[in-house]
Protein chains: 2
Amino acid sequence: MGADEPLQHEPPEGGPPGQDLREGAPPEQAPPERESPERESLERQIRFVLEADRLKTVARQSRITDGTRQENSAEHSWHLALMALALGGHAPAGTDLCRVLAMVVVHDLVEIDAGDLFLYSDSAAHARQEVAERAAADRIFALLPEPQAVVARALWDEFEERRTPEARFARALDRLQPMLLNMQTDGGTWVAHDVPLDQVLSKVELIEEGSPALGGYARAMIARAVERGFLRAVADPDAG
Amino acid sequence: MGADEPLQHEPPEGGPPGQDLREGAPPEQAPPERESPERESLERQIRFVLEADRLKTVARQSRITDGTRQENSAEHSWHLALMALALGGHAPAGTDLCRVLAMVVVHDLVEIDAGDLFLYSDSAAHARQEVAERAAADRIFALLPEPQAVVARALWDEFEERRTPEARFARALDRLQPMLLNMQTDGGTWVAHDVPLDQVLSKVELIEEGSPALGGYARAMIARAVERGFLRAVADPDAG
């Protein structure tokens, strides 16, 4: 992936790690040797991959389109990757979609420790979440071998900071996806949490920053959500 | 992604689709105009993204590492994408990891129609599955607008045919991942289905074809699985 090799920092392969562990050989015939750096590196990568599996148990607020259950953060991340492929043509010219893909794949790993925070939580909750997520990033990306850990962490920081076109497009997808799910599930989290329209529209601005085309699409969708009663256009004077 | 733009075939953005649908404007003030090609294209992409959501309901045989439930094909696809990032250094030199990423993200979409077939099913079941998956690919990728549909379908065909280094590496990850889960879940599907060792070793050959290093790792892991009693090294003479 050239300059975009986000997590690919292995030295060229030497002998295959593990080739000295022949099938069925009893341990005493293969005395423990000092592990080769390549083998140790691969072991750490596998540990990272196994730790990542836990993201499948982190529940989000959104429900999947058939409405049967809440979405988890692993399948959500996959959905964003698929959106990056399907909707990549709506990113600003020159956006490196490969980097966007890598970013959405790792963006939620911190939730293994920090959990998922509902988008429309209050600012104190968001501040606490930010601290928890940084601590999680410190722990989780450090599972990878050294140069790779730094590159992966930088990719997550880039997503969080939203300073590059890639990060802004990735964040736009991350904002658009739950809106699409809400439209398929009778208003979903908007209705369940009685989210005010102006808060939803502020998220649309973030989508527009990443992709004017997707922002326009989101705005039209929100208009339909108002028409269908999923979002209230003005404060209801009869409401408690 | 240059020559690697697997699904990125949008024309440069015109005006944002949907900008004519102002929030709250009653339908009669916005008479239905003929949709612009850009808008129609975006609508089709979103339909594809929503259809893809159904992959979250396709259950695989493997259990997630905490053993609480079966994995679904959407989170499995995400796990492969993460593996492509973490383990990409073990692909043969020159492998386009960006293409690998795109491939693993779309590789299981056909299961929306065809369902997941257990890896160790008989050859008749595999033949039926192949027919069902081709029909599914015909339907699902055709949801995308024209040039993009062809490119996405070609990416899926490439994965299936295993003729490129990218496809072989992607398939290696797809074979390695359930082995990793089995090792974390007391033998998982190996024990549940009493899978013979030689069948598991034949899958290790496919991993070696994609990545000698990961193949060596898998072979060592299978040896540990035998030691731990997850796989029987020889046919048990006492067995039924």
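Naming convention: chains lettered A, B, ... in sequence-line order (proteins, then strands); numbering from 1 in each chain.
The contact between Q177(A) and chain B is made entirely by side chain atoms (from C-beta outward), counting heavy-atom distances below 4.5 Å. Of the two parts of A93(A), neither the backbone nor the side chain holds a non-hydrogen atom closer than 4.5 Å to a non-hydrogen atom of chain B. L109(A) touches chain B through its side chain: at least one heavy atom from C-beta onward sits under 4.5 Å away, while N, CA, C and O do not. Contacts between L55(B) and chain A at a heavy-atom distance below 4.5 Å involve the side chain alone, from C-beta outward. When heavy atoms are compared at a cutoff of 4.5 Å, A52(B) approaches chain A by way of both its backbone and its side chain.
Between atom CG of residue L82(A) and atom OG of residue S77(B) there is a gap of 9.0 Å, rounded to the nearest 0.5 Å. Atom NE2 of H79(B) and atom CD of E75(A) lie 14.0 Å apart (nearest 0.5 Å). L85(B) contributes atom CG, which lies 9.0 Å from atom CD of Q148(A) (distance to the nearest 0.5 angstrom). Interatomic distance, N72(A) CG to W78(B) CH2, rounded to the nearest 0.5 Å: 9.0 Å. Atoms CG and OG, from L87(B) and S41(A) in turn, are 9.5 Å apart once rounded to the nearest 0.5 Å.
Partners of R60(A) according to the salt bridge (charged side-chain N to carboxylate O under 4.0 Å, His left out) rule, which considers only residues two or more places apart in sequence or in another chain, are E71(A), D116(A). With sequence neighbours excluded, the residues that form a side chain to side chain contact (heavy atoms under 4.5 Å, CB included) with L180(B) are I46(A), V49(A), L50(A), M83(B), L176(B), Y217(B), M221(B). Taking the ring pair (Phe, Tyr, Trp, His ring centres under 6.0 Å) definition, one finds that H76(B) meets it with H107(B), sequence neighbours left out.
Closest approach of A86(A) and L144(B) over heavy atoms only: CB-CD2, 4.3 Å. Among all heavy-atom pairs drawn from L101(B) and A102(A), the shortest one is CD1-N, 4.3 Å.
Annotation: residues 62-69 of chain B contacts chain A through I64(B), T65(B), D66(B), R69(B) [non-hydrogen atoms, separation under 4.5 Å].
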